[in-house]
Amino acid sequence: MTDSIYDQLNAYGTVAKQRFVETFSGDALDTDRWTTENFGGTGTFVMQDEVDGGYKIMTEGTDTTAVAIHFNNIRQYAYNASEIITVYEPIHTTLITVDAGFANDVSNVTALNMAVSRIDETSTFFQLATADNSTSTQTDSSISASAGYKTHKVACGSSNVIYYLAGVSEVTKTTNLPTLKMQPYFFCRTESNGARQPRISYCEAYNT
């Protein structure tokens with residue numbers, strides 16, 4: 001007898017936990033899943049018509065305007081037992097803030113209760129940024145922020161958050177950890193009077 005795919009992927013008697021995979025393919029974003037949002041100004045949200053183009057989220061060219069995509073505050077992932085893998089390319093690496101990972105409340109520019117891979121105007125390195133209910137802090141990795149697609153993984157545990165870049169553990173944080181359930185979240189803000197963007201080609205999130 002042939003087992004179901006579910007039985008092949010999960011040990012007998014176990015219940016699979018929440019998981020999703022997004023490849024940002026096709027001609028439009030899956031709006032049953034994702035919500036686009038502008039924080040000041042009018043951004044651009046579009047699938048790129050090119051090989052490995054991914055999905056572009058781009059600010060308008062006014063300082064501090066920002067754009068994001070998220071699950072419209074449907075938070076299915078545990079703050080202390082979940083992981084998110086993202087593959088994105090920062091078209092710009094200066095005068096920009098990019099967050100890719102988990103967040104709880106994304107109703108304003110400053111997300112709290114989050115754990116994200118970050119590019120920030122104050123550093124030349126990829127960073128791990130985390131926040132609890134009140135305070136956000138970030139720690140540099142050893143990898144310079146640069147163009148080109150890279151694989152980022154943020155693993156949220158009960159006592160720390162670990163950031164992996166290209167499969168290598170880069171940062172472990174034990175302070176300012178999220179304390180509320182979270183959702184997948186991509187964010188970009190321009191820190192100049194020029195449009196800024198990343199392109200996203202993959203996202204996978206799951207409870208552990």
Sort out for me which residue in Leu180, Asp105, Asn176 forms a side-chain contact (heavy atoms from CB on, under 4.5 Å) with Asn113.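 Per the side-chain contact (heavy atoms from CB on, under 4.5 Å) rule, the option paired with Asn113 is Leu180, out of Leu180, Asp105, Asn176.
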
side-chain contact (heavy atoms from CB on, under 4.5 Å) with Gln127: which of Asp140, Thr137, Thr139?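 Of the listed residues Asp140, Thr137, Thr139, the side-chain contact (heavy atoms from CB on, under 4.5 Å) partner of Gln127 is Asp140.
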
Mind checking whether [X] and [Y] have side chains closer than 4.5 Å, heavy atoms only?
X: His92; Y: Cys188; result: no
X: Lys173; Y: Thr175; result: yes
X: Ser82; Y: Phe102; result: yes
X: Phe39; Y: Phe187; result: yes
X: Asn133; Y: Leu112; result: no
X: Val116; Y: Val154; result: no
X: Glu37; Y: Ile69; result: no
X: Thr36; Y: Leu29; result: yes

For [X] versus [Y], what's the shortest heavy-atom pair and its separation?
X: Thr42; Y: Glu60; result: N-OE1, 3.0 Å
X: Thr65; Y: Gly40; result: CB-O, 3.5 Å
X: Asn73; Y: Gln183; result: OD1-NE2, 2.7 Å

Any donor-acceptor N/O pair, [X] side chain to [Y] backbone, under 3.5 Å:
X: Thr130; Y: Leu177; value: no
X: Lys150; Y: Ala147; value: yes
X: Thr190; Y: Ile96; value: no
X: Glu89; Y: Ile91; value: no
X: Asp63; Y: Ser192; value: yes
X: Asp132; Y: Ser134; value: yes
X: Asn38; Y: Gly43; value: yes
X: Arg75; Y: Pro184; value: no

Is the Trp34 ring parallel, tilted or perpendicular to the Phe71 ring (thresholds 30°, 60°)?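 Judged by the thresholds at 30° and 60°, the geometry between Trp34 and Phe71 is perpendicular.
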
Parallel, tilted or perpendicular for Tyr77 and Phe20, by the 30°/60° rule?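 If you compare the ring of Tyr77 with that of Phe20, the planes turn out tilted.
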
Path from [X] to [Y] over hydrophobic side-chain contacts below 4.5 Å:
X: Leu128; Y: Met114; result: no
X: Tyr185; Y: Ile57; result: no
X: Leu165; Y: Tyr88; result: yes
X: Val21; Y: Ile84; result: no
X: Val98; Y: Phe24; result: yes

How far apart are the C-alpha atoms of Asn193 and Thr62, what are their side-chain angles, what is the distance that settles it, and do they pass the side chain to side chain donor-acceptor pair (under 3.5 Å) test? CA-CA 4 Å; Asn193 287 317; Thr62 303; 5.4 Å; no

After noting the C-alpha distance and the side-chain angles of His70 and Phe186, does the key distance pass the ring-ring contact (aromatic ring centres under 6.0 Å, His included) rule? CA-CA 7 Å; His70 50 76; Phe186 291 92; over 10 Å; no

Using 0.5 Å steps for rounding, measure from the CD atom of Gln138 to the CD1 atom of Ile119.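 One gets 12.0 Å once the value is rounded to the nearest 0.5 Å.
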
Rounded at 0.5 Å granularity, tell me how far CD in Glu121 sits from OG1 in Thr94.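 Here the interatomic distance stands at 10.0 Å.
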
Looking at Glu170, Lys153, His152, which one forms a side chain to side chain donor-acceptor pair (under 3.5 Å) with Tyr163?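 That would be His152.
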
Please determine whether the number of non-hydrogen atoms from other residues, nucleotides or ligands lying under 6.0 Å from atom CG of Asp30 exceeds 12.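 Atom CG in Asp30 is crowded, with more than 12 foreign heavy atoms closer than 6.0 Å.
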
For residues 199-208, tabulate all N or O donor-acceptor pairs below 3.5 Å that involve a side-chain atom, not counting sequence neighbours.
from   : atom 1 : to     : atom 2 : distance (Å)
Arg199 : NE     : Gln197 : OE1    : 3.2
Arg199 : NH1    : Glu50  : OE2    : 3.1
Tyr202 : OH     : Glu204 : OE1    : 2.6
Glu204 : OE2    : Arg19  : NE     : 3.0
Glu204 : OE2    : Arg19  : NH2    : 2.6
Tyr206 : OH     : Glu83  : OE1    : 2.5
Asn207 : OD1    : Ala78  : N      : 2.8
Asn207 : ND2    : Gln76  : O      : 2.9
Thr208 : OG1    : Ala81  : O      : 3.2

Could you walk me through whether Thr23 and Ser25 pass the side chain to side chain donor-acceptor pair (under 3.5 Å) check? CA-CA 5 Å; Thr23 60; Ser25 303; 3.0 Å; yes

